[in-house]
There are 2 protein chains.
Amino acid sequence: MLNIATTTAVSKFSCPPAARAAAAFKTDADSPRHIADTLKMLNDLLAPQRRVVHTGDVIYQGGERFGTLYILNSGFFKIVNQSADGREQVVGLKFRGDWLGFDGIARGRYSCDAIAMDTGEVWAIPYATLIAACADQPSLLTLLHEAMSREIAHDRDSLMSVCTLPADARVADFLRYWAESLAHRGMRTDRFTLRMTRAEIGNYLGMTLETVSRALSKLARDKVIAFNEKGRRDVNIPDVAALSAFVQRCLAPAPTLQ
Amino acid sequence: MLNIATTTAVSKFSCPPAARAAAAFKTDADSPRHIADTLKMLNDLLAPQRRVVHTGDVIYQGGERFGTLYILNSGFFKIVNQSADGREQVVGLKFRGDWLGFDGIARGRYSCDAIAMDTGEVWAIPYATLIAACADQPSLLTLLHEAMSREIAHDRDSLMSVCTLPADARVADFLRYWAESLAHRGMRTDRFTLRMTRAEIGNYLGMTLETVSRALSKLARDKVIAFNEKGRRDVNIPDVAALSAFVQRCLAPAPTLQ
DNA sequence: CGTTCGATTGAGGAAGATCAATTAATGTGG
DNA sequence: CCACATTAATTGATCTTCCTCAATCGAACG
């Protein structure tokens, strides 16, 4: 297990947990409608160039000159970071309505690769065009900042998962996140296809593919998920809340039977 | 060790390493001058409200209503994320010139705590004021976007460190990052004070305080760092490059002596 | 129909967590 | 300024989790 018992060491200066209502403010109240509206607005105001992509297509690559941001209209992407010494790390997953390319603004070069994991459509928006349009249309700027802010907040949640959850819980939390991302976009969440290999999931979560496989088997044994007859890549999640409960069970060390 | 050998599994679609010059584009070419200029510009254009802080002061807290961004003029902050079930995670460290509060834009509430680790001064800039000023002053908008982009890119690097480096290397990489942050701000890097306890460092890096302590002892044994006579919180780093070399040594499993 | 790639599962080992004891720094009241 | 209490850091011994290595099985594909 990881360093779960460090709460006291760090919370020296923070307020008692009760005072902040158990971080319930983190629940995302965004409706599926919102994403559709956002896409419509971007489409109407910017008439972005559309591009159909297929699995494996690379939209941009680390080191390439930055110039345009992308919006994902459909499909599914992974964002891969690469270190100078050749380590590779999946650092993000992108769904419909998500933006791609923010990392390029600071240095004028993209710092990651954006790779399609499925057939889909991305909209290309030159950064300069976007900024110009924002001058007339303040709501566009709000949109942009909210998207960047959301990405920052989510990256921090990812770091927390990797640092504080044991392997089984991390996999469960990953599935929960995926299901909620789908739900949030109005898609069915009780049955979907993982478009990543165990190796990719493991890389994203900081564990080996074998550990991912074992965790999934355990989740299936515990009836928290079920594999579709179609293959082990299709997952049934009858109850998303059961995934959260599983995470909590992993965190409670002893079954507290006294 | 962690999942270091996953390169093949993920790199299926990416170009050969040679094609991108070993990600050398990640080197930060920013000068100390740049940060001072940025601060001056913000000061001149926005006349931000200044506030002196001391160790332990909380600038904002997760759940609080968002309204203002902060710029750190001096001192040192940690950003702490808290999950609904009470886990706490240090997700970021902030130095002079860094912005605080981006995570609040998306939901209208901050999603983390910002806690001072030293005496310092922050400048408060109401978000609305900033946006209004950006209308007249496009360079201000550029500044803002670059700062957000930088934060996104750095968060991804953090995730990669946690996911791909063994504990010793992670501590070394942490010290390297700290030293470079200081160098980048024109401060001396050969000798500085860690303003965090081992528990806080461990939490940030996803390991226990004991592991941090052992890693530091090993770094000292290997002469990569030295402890100041003043106490174990003061570190001497004669050569920052030696830290990078140490990280590489941790990644090379066998000494390749054949 | 064989080849290849992905997934599963088991056995053994290693990195790091946990538990515990000791020492060093920091602070407090007399 | 000193005895004392408190917190932080170090180090060792043991144990757990997860990684590594390896074999098997299933699915997809040419």
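Each chain gets a letter, A, B and so on, in the order its sequence line appears, and its residues count up from 1.
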S.K.: Check whether any side-chain N or O of Ser213(A) sits under 4.0 Å from OP1 or OP2 of dA7(C), and answer yes or no.
M.R.: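 No, no such contact exists.
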S.K.: Please report the distance, rounded to the nearest Å, between CZ in Arg198(B) and P in dT26(C).
M.R.: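 It works out to 12 Å between those atoms.
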S.K.: Between Lys218(B) and Asp168(B), is there a salt bridge with N-O shorter than 4.0 Å?
M.R.: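 So Asp168(B) does not pair with Lys218(B) through a salt bridge.
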S.K.: Determine to 10° how strongly the helix from dC1(C)-dG30(D) to dG30(C)-dC1(D) is bent, judged from the axes of its five-pair ends.
M.R.: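 Its terminal axes enclose an angle near 40°.
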S.K.: Whether Arg214(A) contacts dC18(D) is assessed here as follows: a side-chain N or O lying under 4.0 Å from the phosphate OP1 or OP2. Is that the case?
M.R.: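 No, no such contact exists.
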S.K.: To the nearest Å, how far apart are Asn203(B) CG and dA8(D) P?
M.R.: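 For the pair Asn203(B) CG and dA8(D) P, the rounded distance is 14 Å.
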S.K.: Just the rounded figure in Å: distance from C1' of dT22(C) to CG of Leu209(B).
M.R.: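 Atom CG in Leu209(B) sits about 15 Å away from atom C1' in dT22(C).
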S.K.: Does Thr208(A) make a side-chain N or O approach to OP1 or OP2 of dT20(D) shorter than 4.0 Å?
M.R.: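 No, because none of the side-chain N or O atoms of Thr208(A) sits under 4.0 Å from OP1 or OP2 of dT20(D).
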S.K.: From the set dA7(C), dC18(D), dA17(C), return the single nucleotide nearest to any side-chain atom of Arg232(A).
M.R.: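 Nearest listed nucleotide: dA7(C).
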S.K.: In whole angstrom, give the distance that lies between atom CG of Leu205(A) and atom C1' of dC18(D).
M.R.: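 In whole Å, dC18(D) C1' lies 14 Å from Leu205(A) CG.
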S.K.: Okay, side chain of Arg185(A), backbone of Arg96(A): is any donor-acceptor separation there less than 3.5 Å?
M.R.: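 Answer holds: yes.
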S.K.: Taking CE from Met196(B) and P from dA8(D), how many angstroms apart are they, rounded to a whole number?
M.R.: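 For the pair Met196(B) CE and dA8(D) P, the rounded distance is 13 Å.
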S.K.: Are Arg156(B) and Glu151(A) close enough for a salt bridge, meaning some N to O gap below 4.0 Å?
M.R.: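 The answer is yes: the pair qualifies as a salt bridge.
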S.K.: If you check the Glu210(A) side chain, which of dA9(D), dT9(C), dC18(D) turns out closest?
M.R.: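 Shortest atom-to-atom distance from the side chain points to dT9(C).
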S.K.: OP1, OP2 of dT11(D) versus side-chain N and O of Ser217(B): anything below 4.0 Å?
M.R.: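 So the side chain of Ser217(B) is within the cut-off, an N or O lying under 4.0 Å from OP1 or OP2 of dT11(D).
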S.K.: Tell me whether Arg176(B) is salt-bridged to Glu180(B), with the criterion being a basic N under 4.0 Å from an acidic carboxylate O.
M.R.: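 Salt bridge present between Arg176(B) and Glu180(B).
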S.K.: For Thr211(B) and for Thr211(A), find the nucleotide of DNA chain C with the closest heavy atom, then tell me which residue's nucleotide is more 5'.
M.R.: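 Result of the comparison: Thr211(A).
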S.K.: Within the structure, does a side-chain N or O atom of Arg233(B) lie under 4.0 Å from either OP1 or OP2 of dA25(C)?
M.R.: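 Arg233(B) to dA25(C) OP1/OP2: no side-chain N or O under 4.0 Å.
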S.K.: Please give, in whole Å, the distance from dA7(C) P to Met207(A) CE?
M.R.: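 Distance check: Met207(A) CE to dA7(C) P gives 15 Å.
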S.K.: Please determine if Lys78(A) and Glu200(A) form a salt bridge, counting it only when a charged side-chain N lies under 4.0 Å from a carboxylate O.
M.R.: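 Yes, this pair counts.
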S.K.: When the ring centroid of His154(A) is compared with that of Tyr177(A), is the distance short of 6.0 Å?
M.R.: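 Yes, ring centres under 6.0 Å apart.
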S.K.: Starting from P on dC18(D), measure out to CG on Asp168(A) and report it in whole angstrom.
M.R.: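 About 7 Å, once rounded to whole Å.
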S.K.: Using a strict 4.0 Å threshold on nitrogen-to-oxygen distance, state whether Asp234(A) and Arg191(A) make a salt bridge.
M.R.: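 So Asp234(A) does not pair with Arg191(A) through a salt bridge.
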S.K.: How long is the line joining CG of Asp234(B) and P of dA9(D), in whole Å?
M.R.: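 Those two atoms, CG and P, are 12 Å apart.
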